[in-house]
S.K.: 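Shown below is the structure under consideration.
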Protein chains: 2
Amino acid sequence: MNTASPGGDERPARWLTDHEQQAWRSYIQATMLLDDYLDRQLQRDAGMPHIYYALLVQLAQAPHRRRRMTELAIALKITRSRLSHAVARLERNGWVRREDCPSDKRGQNAILTEEGMQVLQQAAPGHVEAVRQAMFDRLTPEQVGQLGEIMRILAEGLQPQDSAADLPWLR
Amino acid sequence: MNTASPGGDERPARWLTDHEQQAWRSYIQATMLLDDYLDRQLQRDAGMPHIYYALLVQLAQAPHRRRRMTELAIALKITRSRLSHAVARLERNGWVRREDCPSDKRGQNAILTEEGMQVLQQAAPGHVEAVRQAMFDRLTPEQVGQLGEIMRILAEGLQPQDSAADLPWLR
DNA sequence: GACTAGTTCTTGAAAGTTGAACTACATTGG
DNA sequence: CCAATGTAGTTCAACTTTCAAGAACTAGTC
């Protein structure tokens, strides 16, 4: 019905220990719940899903409030296709506009509009408060450190290999 | 364009410390990357997204390999609507079938078919290996413990409101 | 110049998700 | 028993995401 797992099928398959299983289940539950929670919060208070908000944040922090599409896609760790649709939607809302890249005619810059900046400024406090209340108010400073370190390790291991390799305009 | 944040706008809004921001960014990145990674792995090797796989696992572990729809939705922490669609799709594939609940005519049981069980058994080792390779092989046993504890705390805090209400002994 | 290969971004269709409206049945209180 | 209200699950419309394909451009090579 689908491709068999590649070579070495006879390997006895290391299972997870109870300890690991418990951590895994908690991880899945917590990340799903938190993701849903923040998505709903932002949908309600700012009219957009979490990733769209993150996109506006990226633009707000960038010099001149603008950034190349590919750069954005990499920073947000999403596909260019997804980004295209997202920017198209934000553009329809008037939060973002596009501009041809002068140095590379294939390129596009996404630019945060004044209106987009205002939406962001209105949404930010509520969002930060939600994050704080859902995560940081519940963890000790020590746990925050542990979480940061663990997540840093996991993210590093999942980075699409090339990542830093070729972005000449970032150098 | 959207609802203004409710009352008390003048509150100075506690921001995140650098320490917290760093942890937050790593968290967002790691969870996005891991989710994508596992979704792709399961789509490739088992022809379904992660949550659908989790649904089959739930059924496989349930007595008689069957479970009430609402019960499943709660266990998976998804909406009933989403579950309806998921079961419909899995039913079209022949992995799951439905059955009227004898004791409550409104109810439906989802049942794992023999074919579904086989798909699951084929997919499981590869999935476990992916989880292991992406997470547990990179963390020390101590970190696994920390992660489990942290995620347990977060999940608990996000449980749809009632949760703590009728578990007085947890207070 | 023109060929080839690679990059950038968009597009359209299919698959998945969401929230609200809806159907059908169950339960409760008079 | 009956009306009112609640619960189980589905369906609809709007939206987001993914996948595969393609248009437009750049750069290296002969």
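Source: prediction; values computed, not measured. Letters A, B, ... are given to chains in the order of the sequence lines, protein chains preceding strands, and every chain is numbered from 1.
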S.K.: Looking at B:Thr113 and B:Trp95, would you say the former's side chain and the latter's main chain have a donor-acceptor pair under 3.5 Å?
M.R.: yes
S.K.: With nearest nucleotides of DNA chain C determined for B:Ser81 and B:Arg89 from heavy-atom distances, which residue corresponds to the more 5′ nucleotide?
M.R.: B:Arg89
S.K.: Which nucleotide in the set C:dC25, C:dG19, C:dT17 lies at the smallest distance from any side-chain heavy atom of A:Arg40?
M.R.: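 Per side-chain heavy atoms of A:Arg40, the pick is C:dG19.
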S.K.: Figure out the CZ/C1' separation between A:Arg98 and C:dC9, and round it to whole Å.
M.R.: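 So the two atoms are 9 Å apart, to the nearest Å.
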S.K.: Given atom NE2 of B:His50 and atom P of C:dT17, what is their separation to the nearest angstrom?
M.R.: 13 Å
S.K.: Taking the nucleotide of DNA chain D with the nearest heavy atom to each, does B:Gln43 or A:Pro49 sit closer to the 5' end?
M.R.: A:Pro49
S.K.: For A:Ile78, answer base if it contacts any base atom (sugar-phosphate contacts may also be present), sugar-phosphate if it contacts only those atoms, and nothing otherwise; contact means non-hydrogen atoms under 4.0 Å.
M.R.: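 If one applies the 4.0 Å heavy-atom cut-off, A:Ile78 turns out to touch nothing in the nucleic acid.
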S.K.: Take A:Lys105 and A:Ala86, find for each the nucleotide of DNA chain D with the closest heavy atom, and name the residue whose nucleotide sits nearer the 5' end.
M.R.: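 The residue whose closest nucleotide sits nearer the 5' end is A:Ala86.
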S.K.: Measure CD1/A:Ile74 against P/C:dT7 and give the value in whole Å, please.
M.R.: 11 Å
S.K.: Indicate yes or no: does A:Glu91 engage A:Arg97 in a salt bridge with an N to O separation below 4.0 Å.
M.R.: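 Not counted as a salt bridge, because no side-chain N and carboxylate O are separated by less than 4.0 Å.
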S.K.: Heavy atoms only, 4.0 Å cut-off, all strands: where does A:Arg92 land among base, sugar-phosphate and nothing?
M.R.: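 Nothing, no heavy atom under 4.0 Å.
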S.K.: How many Å lie between CG on A:Leu72 and P on C:dT8, as a whole number?
M.R.: 13 Å
S.K.: When rounded to the nearest 0.5 angstrom, what is the spacing between OH in B:Tyr53 and NE2 in B:His127?
M.R.: 5.0 Å
S.K.: Is the backbone of B:Val119 close enough, under 3.5 Å, to the side chain of B:Gln122 for a donor and an acceptor to pair up by distance?
M.R.: no
S.K.: Let me know the distance between CG of A:Leu90 and P of C:dT10, rounded to the nearest Å.
M.R.: 13 Å
S.K.: Inspect the contact between B:Arg66 and B:Glu71 and indicate whether a charged nitrogen and a carboxylate oxygen are less than 4.0 angstrom apart.
M.R.: no
S.K.: Please determine whether a side-chain nitrogen of the Lys or Arg among B:Glu20 and A:Arg132 lies less than 4.0 Å from a carboxylate oxygen of the Asp or Glu.
M.R.: yes
S.K.: Round to a whole Å and report the spacing from CG of B:Asn93 to P of C:dA15.
M.R.: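 Rounded to whole Å, this separation is 11 Å.
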S.K.: Where the side chain of A:Arg68 is concerned, which of C:dC9, C:dG16, C:dT11 is the nearest nucleotide?
M.R.: C:dC9
S.K.: Using whole Å, report how far CG of B:Leu83 lies from C1' of C:dT17.
M.R.: 13 Å
S.K.: Does A:Arg106 make a side-chain N or O approach to OP1 or OP2 of C:dC9 shorter than 4.0 Å?
M.R.: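 Indeed not, no polar side-chain atom of A:Arg106 lies that close.
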S.K.: Could you tell me the separation between the CG atom of A:Asp104 and the C1' atom of C:dT7, rounded to a whole number of Å?
M.R.: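 These atoms are roughly 8 Å apart.
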S.K.: Output all residues satisfying side chain to side chain donor-acceptor pair (under 3.5 Å) with B:Gln43, sequence neighbours left out; order by chain, then residue number.
M.R.: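 B:Gln43 satisfies side chain to side chain donor-acceptor pair (under 3.5 Å) with no other residue.
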S.K.: Between which nucleotides of DNA chain D, 5' to 3', does chain A make heavy-atom contacts below 4.0 Å?
M.R.: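 Terminal contacting nucleotides, 5' to 3': D:dT16 to D:dT26.
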